Amino acid sequence: MSEDKTIKPPPKVGLVLTGGGARAAYQVGVLRAIAEMLPEPSRNPFPIICGTSAGAINAASLAVSANNFYAGVQQLEAVWGSFHVNQVHRSDLVGVLNNSLRCLISLLSRESGRQRGISLLDNAPLAQLIQHHLPFHGIQKCIHAGSLQALGLTAWGYTSGQSVTFFQAAPGIKPWKRAQRIGIAARIGLDHLMASSAIPFIFPAVKLNREYFGDGSMRQLAPTSPALHLGADKILLIGVHKVTDEEPCRVKVSNYPPLAQIAGHVMSSIFVDSLSLDLERLQRINQTLKLIPPETLKEHNTRLRPIESMMISPSEEINEIAQQYAHTLPLLMRSLYRAIGAMGPNGSTVLSYVLFEAAFCQALMDLGYRDAVRQKPEILNFMNVTA
């Protein structure tokens, strides 16, 4: 009897980058640490890359540079390390007043609202920044070269109510359809990024094909699912919220919560809750599969398979870091955010999503770098890399 000497290929590690506005700078610090850990930093360790909201922008940037992973991370560092609010949305007096006036007219005039999107901020500068830094043709170039298998970006359809992952991938990867979520093959471009990062009310929705889309974190019931559909055997997630089992403090209050505090909780529910539930579900499936004999799974042609996952998340509260750098915002934006209570301790959550200033972003990148370095043995082991 001859022995089966077939060598199995190493498991494909999928990278999942979650949403979180300015908090996504944390992901860049983690990626820099990972690049420095690798024996071949130019080689892309993540053949499948998925992103949502601000994480989608980071994901696309890595995808266009998949032929040189380290260079792609350096490019991200350069952009986030020199960020200013006016590169993301209009923050000058004329721009803010024009957008506010247009928003008011849209609310009063139904016809005007049909012509242009209603949003608190004008994110045209972000579109210009992405166009300048991301050569989208590089995605297909990297797929042809074999350094990238797939890029998936998730947005949410306002009409269908579906979580839609637009993906550009190597041949053989097919679209999928599940409850309230689908995957559609597409040539990824600027509109997909703008749609995925269109935070509701803050940035305008974007029309793709027949439907308007907004931030992909909304109702994203299974954040890890796109990476699995695209072929990942393992999943590395980089979150932007501190994971804690501590019960929140119950403090007696006498004043009504400021608008920013309410908005902060809404945004946290959009960006955080589904990820925690999805990881918990993934762990339960893994535990259940361990109890079932392999012969039984094969006999019933079960498609479920154990998926190893690892999440890297902030060791410190990003809300508190945001408070330290609130003063770096332009005077006009500070005044606007102060009016809704975002400049105080109770509004720091919403502030942390919109504080696109270099000092704050650099602090988050430094935190991400330190957190990843502390977990170096675990990360290398997860990625099957010998130190």
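Here the structure is a predicted model, which means the values were calculated and not measured.
- Rounding to the nearest 0.5 Å gives a distance of 11.0 Å between CE of M194 and CG of L208.
- The other residues sharing a hydrophobic cluster with V373 are Y369, where clustering joins ILVMFWY side chains under 4.5 Å apart.
- Residues forming a side chain to side chain donor-acceptor pair (under 3.5 Å) with N319 (at least two apart in sequence, or on another chain): R23, T349.
- Note on residues 168-194: pairs passing ring-ring contact (aromatic ring centres under 6.0 Å, His included), not counting sequence neighbours, are F166-H192, F167-W176, W176-H229.
- S160 and E211 share a side-chain donor-acceptor pair at under 3.5 Å.
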Donor-acceptor pairs are to be reported for all side-chain atoms of residues 321-332 against protein atoms at under 3.5 Å, with residues two or more places apart or in another chain.
| from | atom 1 | to | atom 2 | distance (Å) |
| --- | --- | --- | --- | --- |
| H327 | ND1 | Q324 | O | 3.2 |
| T328 | OG1 | Y325 | O | 2.6 |

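- M383 contributes atom CE, which lies 13.5 Å from atom CD of E378 (distance to the nearest 0.5 angstrom).
- Less than 6.0 angstrom separates the ring centroid of F83 from the ring centroid of F356.
- Judged by a 6.0 Å distance limit and a 45° cone about the ring axis, K234 is positioned over the six-membered ring of F382.
- In this structure F46 satisfies the ring-ring contact (aromatic ring centres under 6.0 Å, His included) test together with F69, sequence neighbours excluded.
- A search for salt bridge (charged side-chain N to carboxylate O under 4.0 Å, His left out) contacts involving R334 returns nothing, not counting sequence neighbours.
- In this structure, N209 places its CG atom where only 12 or fewer heavy-atom neighbours from other residues, nucleotides or ligands lie under 6.0 Å away.
- Under 3.5 Å, the side chains of S53 and D215 contain a donor-acceptor pair of N or O atoms.
- Annotation: the span from F213 atom CZ to Y158 atom OH amounts to 11.0 Å, rounded to 0.5 Å.
- Smallest separation of non-hydrogen atoms from V385 and P39: CG1-CD, 3.4 Å.
- Atom-to-atom distance recorded for I139:CD1 and L134:CG is 8.0 Å, nearest 0.5 angstrom.
- The side chain to side chain donor-acceptor pair (under 3.5 Å) check on N58 picks up Q27, W80, with sequence neighbours excluded.
- At least one donor-acceptor pair closer than 3.5 Å links the side chain of Q87 to the backbone N or O of H84.
- With sequence neighbours left out, the side chain to side chain donor-acceptor pair (under 3.5 Å) criterion links D191 to no other residue.
- Looking at residues two or more places apart in sequence or on another chain, you find a side chain to side chain donor-acceptor pair (under 3.5 Å) between R374 and S315, D371.
- Here the side chains of I318 and H241 are not in contact, with every heavy-atom distance at 4.5 Å or above.
- Separating the CG atom in L193 from the CG atom in L129 is a distance of 11.0 Å, to the nearest 0.5 Å.
- The pair K242-E320 does not count as a salt bridge, with every side-chain nitrogen at least 4.0 angstrom from each carboxylate oxygen.
- Annotation: ring-ring contact (aromatic ring centres under 6.0 Å, His included) contacts of F136 (sequence neighbours excluded): none.
- With sequence neighbours left out, the salt bridge (charged side-chain N to carboxylate O under 4.0 Å, His left out) criterion links E77 to R32.
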Considering only distance and modelled atom types, tabulate donor-acceptor pairs under 3.5 Å from the side chains of residues 144-154, sequence neighbours left out.
| from | atom 1 | to | atom 2 | distance (Å) |
| --- | --- | --- | --- | --- |
| S147 | OG | N67 | OD1 | 2.5 |
| S147 | OG | C142 | O | 3.3 |
| Q149 | OE1 | K12 | NZ | 2.7 |
| Q149 | NE2 | L230 | O | 2.8 |
| T154 | OG1 | T165 | OG1 | 2.8 |

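- Residues F203 and L121 form a side-chain contact, since some pair of their non-hydrogen atoms from C-beta on lies under 4.5 Å apart.
- To the nearest 0.5 Å, the span separating CD1 on I312 from CD on Q375 amounts to 5.5 Å.
- Under the 3.5 Å distance criterion, the side-chain polar atoms of N123 are left unmatched by any main-chain donor or acceptor of L126.
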